[in-house]
Amino acid sequence: MTNSYKSIIVGTAGHIDHGKSALVEALTGTHPDRLAEEKRRGITIDLGFAFLEENGVRFGIVDVPGHERFVSNMLAGAAGIDVLLLVIAADESIKPQTREHFDICRLLGVKRGVVALTKSDLVDSDTLELVRLEAEEFLRGSFLEGAPLVPVSAKTGSGLGELKKALSDAAAKASTKDWSHYFRLPIDRAFAMKGFGAVVTGTLISGSVGAADEVELFPLGERLRVRGVQSGGKAVERATPGQRTAVNLAGIEHTVLKRGMVLAAPGKFHKTRRVDVRLELLKSARKMKQGARVHFHAGTVETIAEVFFHGEKELRPDGSSFANLKLQDEVLVLPGDRFIVRQFSPVVTIGGGAVLDPLARRPMLKDSGRAAFLATLEQGSREEILSTMTERALLGLAHDEIVARTAWTEGEIHDAVGKLTGAGRVKMVSTEPVVLISGRLFEEVSKKILERVEKFQKENSLSPGMPREDLRASLGRRVRTETFRAALEELVARRKLDAQGELVKKAGSEIALLPEEAKAKEQIEAAFASAGLAVPSVKEVLAKLSVEAKRSEKLVQILLREKNLVRVTTELIFHRQALAQLKEQLSAYKKAKGDRISVPVFKELTGITRKYAIPLLEYLDRERVTHRAGDERVIL
Ligand SMILES: Nc1nc2c(ncn2[C@@H]2O[C@H](COP(=O)(O)OP(=O)(O)O)[C@@H](O)[C@H]2O)c(=O)[nH]1
Ligand SMILES: [Mg+2]
């Protein structure tokens with residue numbers, strides 16, 4: 001589905017009673033206060049929503065409460081704002097929640113906005129001019145420096161046209177959100193609708209959603225089916241990013257669904273209670289100590305976080321640092337997500353920042369590389385990030401983990417992987433699914449494999465090679481099977497090693513026998529050669545040698561591998577020549593006497609006892625020299 005409309009979320013901000021809700025009504029015709037209590041008390045408690053179409057832009061307007069007690073509701077609405085509508089009443093100018101809301105929007109990374117100087121009908125032009133100057137002063141150096149300041153009156157309607165124009169201009173500059181990314185909708189309301197069942201609403205911050213999609217509910221992990229979708233109050237095929245969106249869900253009670261939960265693409269992400277972040281403190285905040293407890297708000301979720309700094313012991317006002325947050329509840333957050341922290345008590349906004357690693361671990365004192373790693377996550381290109389992540393993943397990094405930690409799309413992962421493997425910094429040890437390991441680690445594993453094989457061959461000079469399974473086991477569990485396989489394959493391709501069947505050896509290596517071993521080997525062979533078909537047992541032969549049993553058994557193995565000796569049963573071994581002679585004898589017999597031979601005749605012909613005759617005939621059957629037919633053999 002495509003639409004030519006651009007979808008933009010406008011969020012109000014400002015002190016209580018400064019005319020935010022009245023302004024939204026004047027702009028859209030909808031009064032955003034929807035709760036009975038709000039209507040009765042005349043104040044906004046929770047989020048309200050209204051829509052406006054203007055100059056080819058669909059505005060979804062989120063009206064937030066200004067009262068300090070409801071800042072956490074304001075926060076739930078502030079996530080996903082494209083354009084800020086900062087409201088300052090001309091008769092009161094800047095007040096505490098003007099500052100707090102503005103700080104929050106700045107910390108949340110809102111990039112543009114418009115200032116409405118409301119209630120302009122209540123002041124004379126001198127006062128209006130004064131408020132304008134105060135506002136300009138207040139906004140200097142911020143993302144709203146130079147933004148349009150529009151005097152308006154919801155009562156007389158003056159300035160509304162100019163304000164709509166200013167909003168359209170800001171909307172034109174706002175970048176359209178990319179909807180090829182994974183779907184994510186932080187839930188800000190959940191309710192039941194007669195005849196439909198559970199409905200959730202939120203600002204669609206990424207990807208798209210449509211009827212029949214499967215979605216995952218975080219943090220519960222449930223997979224749900226989408227029944228239908230509305231955006232801007234109308235049923236649509238797919239809702240796209242930057243739209244106020246309502247999703248009708250099948251298979252769940254609305255009472256289970258709560259603000260703070262998130263709907264997301266299924267099977268991609270993990271909920272978390274540990275995140276590594278960039279944390280910034282406001283100038284107005286007190287210094288923050290190691291281990292401080294704060295209120296944490298990200299998207300529409302609110303929980304409590306314990307703060308640990310990497311390196312430092314405390315954070316000064318107006319300062320910024322990497323930090324590890326331990327959250328009281330499991331949440332879904334992804335890299336780049338903005339968050340706000342509020343002081344535990346009294347509850348005021350003291351700072352915020354951005355998520356760097358959503359699946360962080362408990363901070364370790366001796367992780368000196370941590371800060372550098374976080375700096376790369378914060379500043380680095382995708383290749384740099386992936387390269388560093390791979391360096392730190394001693395077990396290797398699988399495709400699913402890359403998605404869960406970065407939320408990169410297939411294309412983005414593919415590009416970064418391509419660049420890194422091309423440069424040799426990263427090795428792809430499996431392609432389906434992709435498993436990466438750092439080039440350095442891969443070299444280490446290759447080196448270890450070579451060493452292990454060399455050591456094995458030195459210690460087992462009579463062995464033809466090291467069993468592949470022993471080699472794999474010798475590397476320990478910290479080397480994953482894919483890495484072992486790829487490294488071994490490469491060593492074979494580079495002609496460092498030979499791998500035949502289950503055995504691995506140095507390329508071109510031959511078994512080098514000591515003089516006494518060579519002599520013993522000859523003796524063994526001679527013993528069997530001279531015995532003809534009436535062979536001695538292996539034990540008897542070996543007992544006569546000067547080499548100890550372990551080594552002489554290896555010599556028998558070598559002779560068997562060379563096919564000079566042939567094993568007929570576990571007990572019986574014959575010399576190659578004796579068996580060749582036997583076959584000749586049988587073919588001569590066939591010419592002279594016909595192709596049938598009985599066991600007694602066979603014994604007579606070869607001059608051997610039953611002990612040898614039966615195993616030999618069975619061997620000849622296996623070799624397809626003879627074929628059993630009742631009590632007789634047919635010579636083939
Ligand atoms: N005279 C005048 N009163 C206004 C204007 N806008 C809002 N008000 C009044 O100011 C009070 C607070 O407005 P409201 O929109 O609820 O403020 P909010 O708390 O910022 O949402 C209400 O009594 C409104 O009628 C305006 O432009 N002119
Ligand atoms: Mg209001």
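Both counts, for ligands and for their atoms, begin at 1 and track the order of listing. For the numbers below, each heavy atom of this structure counts, side chains included, while hydrogens, waters and symmetry mates do not.
For atom 14 (P) of ligand 1, the closest non-hydrogen atom of the protein is G19 CA, 3.8 Å. Atom 1 (N) of ligand 1 has its closest protein heavy atom at D121 OD2, 2.9 Å. The protein heavy-atom contact nearest to atom 27 (O) of ligand 1 is A154 N, 2.8 Å.
When distances to the Mg ion (ligand 2) are checked against a cut-off of 2.8 Å, S21 contributes an N, O or S atom below that limit.
Geometrically, R278 engages F322 in a cation-pi contact defined by less than 6.0 Å to the ring centre and at most 45° from the axis.
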**OP:** Mind running ring pair (Phe, Tyr, Trp, His ring centres under 6.0 Å) on F196 and F191 for me, showing each step along the way?
**Re:** CA-CA 10 Å; F196 287 94; F191 49 90; over 10 Å; no
**OP:** Apply the test ring pair (Phe, Tyr, Trp, His ring centres under 6.0 Å) to residues H295 and F344: give CA-CA distance (whole Å), side-chain angles for both, the deciding distance (0.1 Å), then the verdict.
**Re:** CA-CA 6 Å; H295 295 280; F344 208 71; 5.0 Å; yes
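Of the charged side-chain nitrogens involved, at least one lies within less than 4.0 Å of a carboxylate oxygen, so that R132 and E129 count as a salt-bridged pair. R342 has a carboxylate O that lies under 4.0 Å from a charged side-chain N of E100, or vice versa, which qualifies the two as a salt bridge.
Checking atom 25 (O) of ligand 1 against the protein gives no heavy-atom contact under 4.0 Å. Contact annotation for atom 22 (C) of ligand 1: protein absent (non-hydrogen atoms, distance under 4.0 Å).
Note: an N/O pair closer than 3.5 Å links A22 and ligand 1 by distance alone. Distances between N or O atoms of I16 and those of ligand 1 include no value under 3.5 Å. Taking only nitrogen or oxygen atoms, main chain and side chain alike, D17 reaches within less than 3.5 Å of ligand 1.
Judged by the shortest distance from any of its heavy atoms, H15 lies inside the 4.0 Å radius around the atoms of ligand 1. Taking a 4.0 Å cut-off on heavy atoms, L122 registers as neighbouring ligand 1.
Checking R244 against T203 by side-chain atom types alone, a donor-acceptor pair falls below 3.5 Å.
Of the listed residues (H18, Q97, E25, K119), the one carrying the non-hydrogen atom nearest atom 11 (C) of ligand 1 is K119.
Classified by interplanar angle (parallel below 30°, tilted 30° to 60°, perpendicular above 60°), the ring pair F138/F102 is tilted.
Heavy-atom proximity to K155, at under 4.0 Å, picks out these atoms of ligand 1: 1 (N), 26 (C), 27 (O), 28 (N). Heavy-atom proximity to K20, at under 4.0 Å, picks out these atoms of ligand 1: 15 (O), 17 (O), 18 (P), 19 (O), 20 (O), 21 (O).
Applying side chain to side chain contact (heavy atoms under 4.5 Å, CB included) to D63 and the options L85, L47, D33 leaves one that passes, D33.
With ring centers used as reference points, F339 lies under 6.0 Å from F296.
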